[in-house]
There are 2 protein chains.
Amino acid sequence: MTRQPTIEDVARTAGVSKGLVSLALNGRPGVAQETRKRIDAAVAELGWRPSANARGLATKRAYSLGFIVRRDPITFQADPFFASFLAGVESVLAERDQVLVLSVVPDVEREFEAYRRLTSDRRVDGFLITDLLQDDPRVRLVADLGQRAVTLGRPDSESPFPAIVRDYDAGIDELLTHLAELGHRRVAHVAGDERMQHATTRLTRHLEVAARLGLQTIVEHTDFSPESGAAATHRLLDRSERPTAIVYANDPMAIAGIAVAHERGLTLPRDLSITGMDGSDTGRFVYPALTTLDNDPVGWGRAAATALLSYIENGDGDDVTLPAAALILRSSTAPPGSPG
Amino acid sequence: MTRQPTIEDVARTAGVSKGLVSLALNGRPGVAQETRKRIDAAVAELGWRPSANARGLATKRAYSLGFIVRRDPITFQADPFFASFLAGVESVLAERDQVLVLSVVPDVEREFEAYRRLTSDRRVDGFLITDLLQDDPRVRLVADLGQRAVTLGRPDSESPFPAIVRDYDAGIDELLTHLAELGHRRVAHVAGDERMQHATTRLTRHLEVAARLGLQTIVEHTDFSPESGAAATHRLLDRSERPTAIVYANDPMAIAGIAVAHERGLTLPRDLSITGMDGSDTGRFVYPALTTLDNDPVGWGRAAATALLSYIENGDGDDVTLPAAALILRSSTAPPGSPG
DNA sequence: TTGAAAGCGGTACCAC
DNA sequence: GTGGTACCGCTTTCAA
């Protein structure tokens, strides 16, 4: 393979200066129709694409978005959310000639290092922040670094960044109403990591709605991992007054919960109704298929990338609201004591 | 935040020319000890880090590795392998000031586009290629693009790239021997996507070993998705002569298989022994906990990144052999008909 | 051992 | 409208 063409080559074969090629490339006004055609032809002929490095050096941009995800090294679980989320992100980056720089780190220390390094090396123009914590330190850090970002969800503390939000409250409402209508009266909630914002939001909402519907609630706390979900399930089923339904704050825990129920010889959903949240396809392939709240991860990805780019390019910092999460009814919920 | 320091700033505060700073930074010889100290001090004082863009422009490097993963848009499953693999990759990239550019695409067309785009935009210095197909077209594509790469596994067709390999044969041997010793005689194999190389390798090996051990084998083909794994399980359990043990070519399918067995009212592992492969932690949290073949994804990541960087930097194209996969015994296997 | 200067491949400003 | 040119922040000759 021969050397890739440069803007100089294009200028020469189009018989213009490279300045003009640059203008044309970026769709700027001030280039004659006729000339633009010649340039376009030359670009096509040579198959020229601008060097991201050169462009970035001149414009002080990286044309890249950063995404840093921290995973517990032991439970290095691939959250089913991410693959789809990333596909959504990619779909918008591809058409804008930008890329995603991904960093998977095992602990907070490396996580902070990663934010610093990507910033000081001018690797990215902004960050996608997911899994918001209570009073999330990353928001401060990124702001202090002078970087841009968007958050998935609205931080509870002060944030200078646009937030992408989706209403989950209505979905939880639907979910509990569904359970109540089936005849459940004792509905447990297996909450996620208390330090995570959406864990708390979901729990709070559950408690509110349950109170309104006259449901008794038992709460167990976890770290969102399947392992902790399984443990919580055992604790719930060890009680003298067992819940007849368990609502898990995410699908992986619900799936682990199903396994525990089987292990203990329960027949589902007759002996126990189970629901997830943050709906993923995985839930379709377990038995019984998991009733859950949809979360459209691809939509999150598209929205987050779009918002971040527009924030970077236009300084447009408005929040973005996604359609509310919808209830997906499958077969893991039924009236208590009903035939499997 | 103020403007980030440049090499010029460092040169000025160290009282030398920027050329020297560059030499010092890159640990090149020909800089006086004394001078090097002054430069290091200035670097530390200013907190300077070189701009990846500027550096890359001068050296025609991207200091980035590309990783393109294609996921079926419907079963956008996050293979548990990836999170750990990426953590392994990151651990070596971080200490070398390089980054990972990730692209998740829904189909082959976008996949090829992604390879082309990352190349023509000079975004990456090489690619990590996973999930090798039979006669994988990506190897040709990447070679034609003049890019570097390493493959996870050795391609069946001609490849100019270093391969990272791990012996799986011995593990399959152990696995089947284990089953045979438990008393199983009819052992099914749920193979992965036939177009994928490791699916075929594993199946072939299973057939060889089974023949040697005098085991009867029934084979079902899938696409590696939990859904297809579930379907295969149904087909197997519908037979008049059921297998007493099923070996799945990956863990997600094995987990789906466990669900199917429960659904059909079987008691595991009494009525059916199940094993996975490509061992992941997920298997610990299902019931019964999954016996599987370990795969050390973090190790794959570290090895792949290290090999690719050395290939890029030194043209060192030797294959790398990882420790053989080991059998992880958990509780999803037992003598046929034994108490659960 | 060190400094000066010429790129790398773009962008952007300033004349004409 | 268009060409010329000075950067962007590094690396890499080439002299001194």
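Order of the sequence lines sets the chain letters (A, B, ...), proteins ahead of strands, with each chain counted from 1.
Note that CG of A:Asn53 and CG of B:Asn53 are 4.5 Å apart. Values are rounded to the nearest 0.5 Å. Rounded to the nearest 0.5 angstrom, A:Asp125 CG and A:Ser64 OG are separated by 6.5 Å. One distance of note links CZ of A:Phe82 with CG of B:Leu86; it measures 11.5 Å at 0.5 Å rounding. The structure places CZ of B:Phe85 at 6.5 Å from OG1 of B:Thr130, a figure rounded to the nearest 0.5 Å.
Within the nucleic acid shown, A:Asn53 has no heavy atom closer than 4.0 Å to any nucleic acid atom. Residue A:Val16 is classed as a sugar-phosphate contact, given heavy-atom separations below 4.0 Å to backbone atoms only. At a threshold of 4.0 angstrom between heavy atoms, the contacts of B:Arg61 with the nucleic acid are absent.
Between the CG atom of A:Asn26 and the P atom of C:dG9 there is a distance of 18 Å, rounded to whole Å. In this structure, CZ of A:Arg3 is placed 10 Å from C1' of C:dG9, rounded to the nearest angstrom. Spacing between atom CZ of B:Arg28 and atom P of C:dT1 amounts to 15 Å, rounded to whole angstrom units. Across the protein-nucleic acid pair, A:Leu25 atom CG and C:dG10 atom P stand 9 Å apart, rounded to whole Å. Between the CG atom of B:Leu23 and the P atom of C:dG3 there is a distance of 11 Å, rounded to whole Å.
With A:Trp300 contributing its side chain and A:Leu152 its backbone, the two residues share no donor-acceptor pair below 3.5 Å. A donor-acceptor pair under 3.5 Å links the side-chain atoms of B:Asp136 to the main chain of B:Leu133, judged by distance alone. Put simply, the side chain of B:Arg38 gets close to the backbone of B:Ala14: a donor and an acceptor are under 3.5 Å apart.
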Please write out the pairs of protein N or O atoms and N or O atoms of nucleotides 14-16 of chain C separated by less than 3.5 Å, giving the distance to one decimal.
none

Report all interatomic pairs (protein N or O, nucleotide N or O of nucleotides 4-8 of chain C) with separations under 3.5 Å.
residue: C:dC8; atom: O3'; partner: B:Lys60; partner atom: NZ; Å: 2.9
residue: C:dC8; atom: O2; partner: B:Ala58; partner atom: N; Å: 3.4

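With a 6.0 Å cutoff to the six-membered ring centre and a 45° limit on the axis angle, A:Arg55 counts as a cation-pi contact of A:Tyr63.
Checking B:Arg117, B:Arg138, B:Arg116 one by one against B:Glu111, the salt bridge (Lys or Arg N to Asp or Glu O under 4.0 Å) holds for a single residue, B:Arg138.
Taking the ring centroids of A:Phe127 and A:Tyr115, they lie under the 6.0 Å cut-off.
Running 5' to 3' along DNA chain D, contacts with non-hydrogen atoms of chain B at under 4.0 Å begin and end at D:dG9 to D:dT12.
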What do the steps show when you test B:Gln147 against B:Val124 for side chain to side chain contact (heavy atoms under 4.5 Å, CB included), and what is the final call? CA-CA 9 Å; B:Gln147 277 279 20; B:Val124 300; 3.7 Å; yes

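Checking the phosphate oxygens (OP1, OP2) of C:dG10, a side-chain nitrogen or oxygen of A:Trp48 falls inside 4.0 Å.
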